[in-house]
Q: 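Please find one structure pasted underneath; my questions will follow.
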Number of protein chains: 2
Amino acid sequence: MNLRDLEYIVAVAKTQHFGKASQLCNVSQPTLSAQVKKLEDYLGVKIFERDNKNVMLTEYGRSIVAKAQEIVDAAERLKDTARNMQAPEQGQLKLGAFPTLAPFIFPLAVPVLRQSFPKMQIFLTEEKTENLIAQLKDGRLDTALLALPAEEDVFEYEILFEEPFYLALPPSHPLTQMEAVPLQMLAEEDLLLLEDGHCLSGQTMEVCSWVGAQKFNTFRATSIETLRQMVAAGLGVTLVPELAVPRQEQNDIIYRPLINTPPPSRSIGLFWRKTSPFKTLYRDIARQIGTAAGNRKTQKTLS
Amino acid sequence: MNLRDLEYIVAVAKTQHFGKASQLCNVSQPTLSAQVKKLEDYLGVKIFERDNKNVMLTEYGRSIVAKAQEIVDAAERLKDTARNMQAPEQGQLKLGAFPTLAPFIFPLAVPVLRQSFPKMQIFLTEEKTENLIAQLKDGRLDTALLALPAEEDVFEYEILFEEPFYLALPPSHPLTQMEAVPLQMLAEEDLLLLEDGHCLSGQTMEVCSWVGAQKFNTFRATSIETLRQMVAAGLGVTLVPELAVPRQEQNDIIYRPLINTPPPSRSIGLFWRKTSPFKTLYRDIARQIGTAAGNRKTQKTLS
DNA sequence: AAAATCGATAGATTTTAACTATCGTCTGTA
DNA sequence: TACAGACGATAGTTAAAATCTATCGATTTT
């Protein structure tokens, strides 16, 4: 049994067709037929039912092909890793971020990375934290931007920046009169949250528990943009991370800093596997993204 | 790149010696040397540093070998699965159970399984629930005995039995005067718990929260046997699952059933991957273990 | 009935993994 | 200092395998 054979059965399972599968694998159809047959004999299991018109997975075949797929994928990742090792800064970088950070940090990160490592191929993923962690563990991602605390025992990380939360208010709201809002004043507000699984909703609830705010609205939004629309519609108020605050003032939503000790904020870090051989590169990348985010902040303060 | 090559580098990494590695792989030393070199050329990465006396992994090699190991393991599991498919009841069964169940259920389960499937090779694992779930997911285990609720969405399961909790008391304790103890009476007792990570401690705390018992002792034991010793030493009382209650009365610890609606108990189920092709066999096994546990109960009631 | 489709089979060829024998280098010992 | 032993690399050969082209046989479509 070798990797090639596993690629063959994966291809046949995918195409349901020996001829097309053989093209996918760049071999002749008889080669593929022979190898599949040999593998079936070796394993002692019929993987495919060949009717003269259709190719179908047997029940056992389905589970064998699933395992084969995993093995082939893992082998592919091994090759990618090896290729990267020859010149890490010219290889691939698979970077993930969670949904309430991704749309704001990617536009900042990508330009600086492209400038520093022009040959690096950057793949971006937006996923909930839970999925990011799973993908980082099994190698589908090289690095991920996560809010602390995350699983610091499995991963290594470098903190990029501390991101304060801002209060988003409808223009009619009395709190817009203040330049900055003490956190305690949220105790009686209708707080809008994201649906479960978003780390922002957990962070918001944590911050609010400091001051005993509990009037959480039962409706749960699916994205920051939805939250904003709801705030604009006067359904309540919400916390927004700094990077999501527009640089220019808007008419429909007013943003105000929050005052508290400690200040309400989240820490963003770049995470990678402890075992990764590219730590040096990742640390470098972390600093660059951190700087880029810091610059944005400075610009805002100046404007 | 093929699986054999990956086995070679894993063997070299393990033995730190080309000669010994070649014996492990049943090939000649030159063959192994040549293939390793070829793989290194193909990947473009030096995996080993060959000093004339020592073989050492390079930094990159370490991470490549780790990935290779995973791939080789996965391939081995694929072969095992295939072998099992030819005659599931003559193949391997890798069964796990958590620590507060394993020592009591395995002695009941193994004899009936050996009788029903004489050719089956049974591998037993005792692990905390969290590890069982991880191992079940990635194929290191075929089945696991878990307390419900577990991750019912990833797995399929069959409930084996409902296992009531008994109260374990030192002989001097006033509650020993009662034939059966109403759960509410635990509210003022010193309750001894297992350390975190054991599902029994979670179950105990849940049961106790029904009646508002909160006097949990701060010390956390590492096994049921330790708990028993502590109870015997008069440090407090604890809950033990029925299978852990000795069939004959003991002098140092008295066991009493607990009365409540619903009765304090845990459900034990046999779990397997939804995608497993051996569901029929596993269901059969589940019923057999369930029956075996039921018989023990009957014997006890009769004695 | 003829043509087209599709997987299996046959036989030749190329590739490559494997073997044996031997080399070159370093190490420890006499 | 020289010699034996250990170890991985190299050379040359052989055996195994994967692959190719050509073709078959069964089924479906036109």
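All chains are named by letter (A, B, ...) in the order of the sequence lines, taking the proteins before the strands, and each is independently numbered beginning at 1. From a predicted model like this one, the values you see are computed outputs, not experimental measurements.
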Q: For A:Leu32 and C:dC6, what is the distance between atoms CG and C1' respectively, to the nearest whole Å?
A: 13 Å
Q: Pairs in or reaching into residues 114-126 of chain B: which pass side-chain hydrogen bond (donor to acceptor under 3.5 Å, both in side chains), with residues at least two apart or in two chains?
A: B:Ser116-B:Gln288
Q: Quick one: is C:dA18 close enough that its OP1 or OP2 comes under 4.0 Å of any side-chain N or O from B:Tyr8?
A: yes
Q: Measure across B:Ala144 and B:Leu136 and return the closest heavy-atom pair with its distance rounded to 0.1 Å.
A: CB-CD2, 4.1 Å
Q: Under 30°, 30 to 60°, or over 60°: which ring-plane class applies to A:Tyr157 and A:Phe271, parallel, tilted or perpendicular?
A: parallel
Q: Going by heavy atoms closer than 4.0 Å, what residues in residues 64-73 of chain B are next to DNA chain C?
A: none
Q: Are A:Gln35 and A:Thr31 close enough that a side-chain donor and a side-chain acceptor fall under 3.5 Å?
A: no
Q: Assign a letter to each nucleotide of nucleotides 9-14 of chain D from its 5' end: B, base within under 4.0 Å of a protein heavy atom; S, sugar-phosphate only; -, no contact.
A: BB----
Q: Using a 3.5 Å distance criterion without hydrogens, assess whether the side chain of B:Lys279 forms a donor-acceptor pair with backbone atoms of B:Lys274.
A: yes
Q: B:His17 side chain N/O closer than 4.0 Å to the phosphate oxygens (OP1, OP2) of D:dG8?
A: yes
Q: Any donor-acceptor pair under 3.5 Å linking the side chain of A:Asp142 with the backbone of A:Lys94?
A: yes
Q: Parallel under 30°, tilted from 30 to 60°, perpendicular over 60°: which one fits the rings of B:Phe18 and B:Phe48?
A: perpendicular
Q: Would you mind reading off the distance between A:Gln23 atom CD and C:dC6 atom P, rounded to a whole angstrom?
A: 11 Å
Q: B:Ser28 side chain N/O closer than 4.0 Å to the phosphate oxygens (OP1, OP2) of C:dC19?
A: yes
Q: Can you tell me the distance, in whole Å, between the CG atom of B:Asp41 and the C1' atom of C:dT16?
A: 15 Å
Q: Does B:Lys37 have more than 12 heavy atoms from other residues, nucleotides or ligands lying within 6.0 Å of its NZ?
A: no
Q: Round to a whole Å and report the spacing from OH of B:Tyr42 to C1' of C:dT16.
A: 15 Å
